[in-house]
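To start, the structure itself, in structure tokens.
Each chain gets a letter, A, B and so on, in the order the sequences are listed, and its residues count up from 1.
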Protein chains: 2
Amino acid sequence: MATIKDVAEKAGVSIGTVDRIIHNRGRFSQKTAKKVKKIIHDLDYRTNIQARNLSLSKQCSIAVLIPHPDQDSNYWQLPYNGMRTALEELATSHVSADFFHFDRHDKDTLFQALNMMAEKEYDAYVAAPLIPDEFLESYEDIFQSKPVVFFDTDIENSHRLLYIGQDSREAGHLAAKLINLLCHNKKMRVLIVTPATENDHLTSRILGFRERVTMEHDIIRIPTDNSNAVETYAEIKDQLKSKYQAVYVTDSSSHQIASLIKERNLNSDVALVGYDLVEKNIEYTKRGVIDFILTQRPFEQGYLSIKSLYQKVILGTVIQKEHFMPIDIITAENISCYVESLSGKT
Amino acid sequence: MATIKDVAEKAGVSIGTVDRIIHNRGRFSQKTAKKVKKIIHDLDYRTNIQARNLSLSKQCSIAVLIPHPDQDSNYWQLPYNGMRTALEELATSHVSADFFHFDRHDKDTLFQALNMMAEKEYDAYVAAPLIPDEFLESYEDIFQSKPVVFFDTDIENSHRLLYIGQDSREAGHLAAKLINLLCHNKKMRVLIVTPATENDHLTSRILGFRERVTMEHDIIRIPTDNSNAVETYAEIKDQLKSKYQAVYVTDSSSHQIASLIKERNLNSDVALVGYDLVEKNIEYTKRGVIDFILTQRPFEQGYLSIKSLYQKVILGTVIQKEHFMPIDIITAENISCYVESLSGKT
DNA sequence: AAGATATGCGTTAACGTTAACGCATATCAT
DNA sequence: ATGATATGCGTTAACGTTAACGCATATCTT
């Protein structure tokens, strides 16, 4: 691989001139520029990123704003692990991050987190803007013109650098397809179990599901304020098998339904499709109580959030505006490899 | 992030001494070693890989031995693309590769490729050892003690550095599960379509499938020497729908069956499950003619093959001996994101 | 006791890139 | 004509790490 020195020698100029031409920093004649550019092309010269980083020694401090890792059945642990892995890899490239957590059902905790975050200025931001309106209030003030990556949830017209996420409607379609397949006998109904607190993803997952499901369905909303979730589950338990042949859970809590099915010994009779490969869901999927788990690679979402900011801020790469993760279908027969690769990357 | 200079200053020694202690190159006293190691730990010093690479400027020339990219319905294009992407990323890290291709159904072409490869000595090797016995003949001579990555197919007891691949039996189990689900009416039979030329993967995929499938099944072998494949397909076409409710294709050629189904207008009546997201399969999957495609991330297999050798040879990382890829389930509802990410990587 | 070897350590060029700096000419304004 | 600015280019320190080299002492040979 040719170096800048090779180019300079072949062009009969100094590396300074070549550098100025490459970065268009002025102070060169069009004549030499043309000559140098031709040689760059001929030698297939590409700048050595390692040397570039070393020389620039750019910093990138990142503030990360996400829910507490243990919320949603420890779902947030997964992107968190992805971010930590990326930060580990990039530690010597001067990428570092501070984490700020909030309770996704409590707006006050979001404001607190935002205030704490505002105390210091960061070079870039990663956020899961689960409470969009409250986010937007502080958006201009805190995030300013710094690069911002949203993951999990997007905010339109927010001048964010990148959104990393999922196509929730497709995920709903897919769940419907699987439920349809699982229920050969379509006389009974399917129950949609979803958190009482609405959000875009859940709405889209339900919408997509309804568009494709061939069975009649009911919907039940689980209280998220810890009030009487227990009674709601008890209610579901009563109606399992007698009324419902299938259950579709729109968030990561399908293990709750799985445990009800287990209690009733209804294993193979009730079809169960849910989301997210959190620990509690893994066991039930291995045993076939949960028939299918859909995931959108949360580990990779976290990993990519950090890595993208590195590319933007340190390397100066132009990056795409959106990155949709594939929807993986996980079931007893293929879960092992997904679980193995859950913690590590590359 | 602390540098070696920081460590040296804090320990009151020179960076040379610190370096010798870190790499255990002798010429230091146990006393200073202890002090320096403590400081390294306290400061959480980690060596800057970029600077390390720059300084070492190690080379890694790789020889890659794989079938022609257009074999198996262009399947081999996929890992090939993964390798090219990795090589692109690592070009300035002094990683380069030469490619040697062979016809997977013609042993002579393998010997030719091996001979060409032997003309030059490489720092490392990547191979898809699809014809294991012939591979082993040349193994000792050519590969010697250099690091070797096998992907797609493994050879036991071969002192390879790493195997990147798939669990074919699980892939068979999974296919059986999907076929079972697709065929509510289990009165008819399922047809297993497989190439006449045996190999480990195909055998395992069939074995796994048979272990789990609940329907009666027949097997038909497609000639691979281009002799009378056309007649064999014609035979299948005659029996579609009248005799078979489902078809399981063990390699990447399910588009062949899909086109037969299309010709007969049997879309939704015949269940079709196959492997590999090659171009011809994509269109039929989008249209729902192919119900499910299973893949084992061939792009990533190629990408990781090169990247692993880089880690081993250039970075000196200790790497694992085996890497099994997840088996992805792809269907009309989730294919779009998989196709998008097919060509590019991070 | 004189030379040989071993031990412990510091210094430095090199890897490839960047960007500040300096030095000539050339062109401008007044 | 004289100073001011612009143009075109070369030189160089710095980024962090590595490994060769050199220089003292110390310990061993015979």
Atom pairs under 3.5 Å: protein N/O with N/O of nucleotides 7-14 of chain C:
from	atom 1	to	atom 2	distance (Å)
C/dG8	OP2	B/Phe28	O	3.1
C/dG8	O6	B/Arg27	NH1	3.2
C/dC9	OP2	B/Ser29	N	2.9
C/dC9	OP2	B/Ser29	OG	3.4
C/dC9	OP2	B/Thr32	OG1	2.8
C/dG10	OP1	B/Ser14	N	3.4
C/dG10	OP2	B/Ser14	N	2.5
C/dG10	OP2	B/Ser14	OG	2.8
C/dG10	OP2	B/Thr17	OG1	2.7
C/dG10	N7	B/Arg20	NH2	2.8
C/dG10	O6	B/Arg20	NH2	2.8

B/Tyr303 and B/Phe299 aromatic ring geometry - parallel, tilted or perpendicular at 30°/60° bounds:
parallel

Is it true that A/Glu88 and B/Arg46 make a salt bridge, defined as a side-chain N closer than 4.0 Å to a carboxylate O?
yes

Taking only residues two or more places apart in sequence or in another chain, which ones pass salt bridge (Lys or Arg N to Asp or Glu O under 4.0 Å) with B/Glu121?
B/Lys146

Atom CG of B/Leu54 to atom C1' of C/dG16: distance rounded to whole Å?
5 Å

What is the separation between atom CD1 on A/Ile40 and atom P on C/dG16, rounded to the nearest whole Å?
16 Å

May I have the distance from B/Leu315 (atom CG) to D/dT17 (atom P), rounded to whole angstrom?
14 Å

How are the rings of A/Phe150 and A/Tyr139 set to each other: parallel, tilted or perpendicular (split at 30° and 60°)?
tilted

By the Watson-Crick or G-U definition, both distances under 3.5 Å, C/dG22 is matched with D/dC9

Taking 4.0 angstrom as the limit, do A/Arg84 and A/Glu89 come out as a salt bridge?
no

Find the distance A/Ile4:CD1 to C/dC15:C1' and express it as a whole number of Å.
14 Å

A/Asp154 and A/Arg160 ion-paired at < 4.0 Å
yes

Using a strict 4.0 Å threshold on nitrogen-to-oxygen distance, state whether A/Asp6 and A/Lys10 make a salt bridge.
no

As an exercise, state the distance from CG of A/Leu78 to CD of A/Gln296, rounded to the nearest 0.5 Å.
13.0 Å

Short of 4.0 Å, heavy atom to strand atom, which residues of residues 44-51 of chain B count as contacting DNA chain D?
B/Tyr45, B/Arg46, B/Thr47, B/Asn48, B/Ala51

DNA chain D nearest-nucleotide lookup for B/Met1 and B/Arg25: closer to the 5′ end is B/Met1

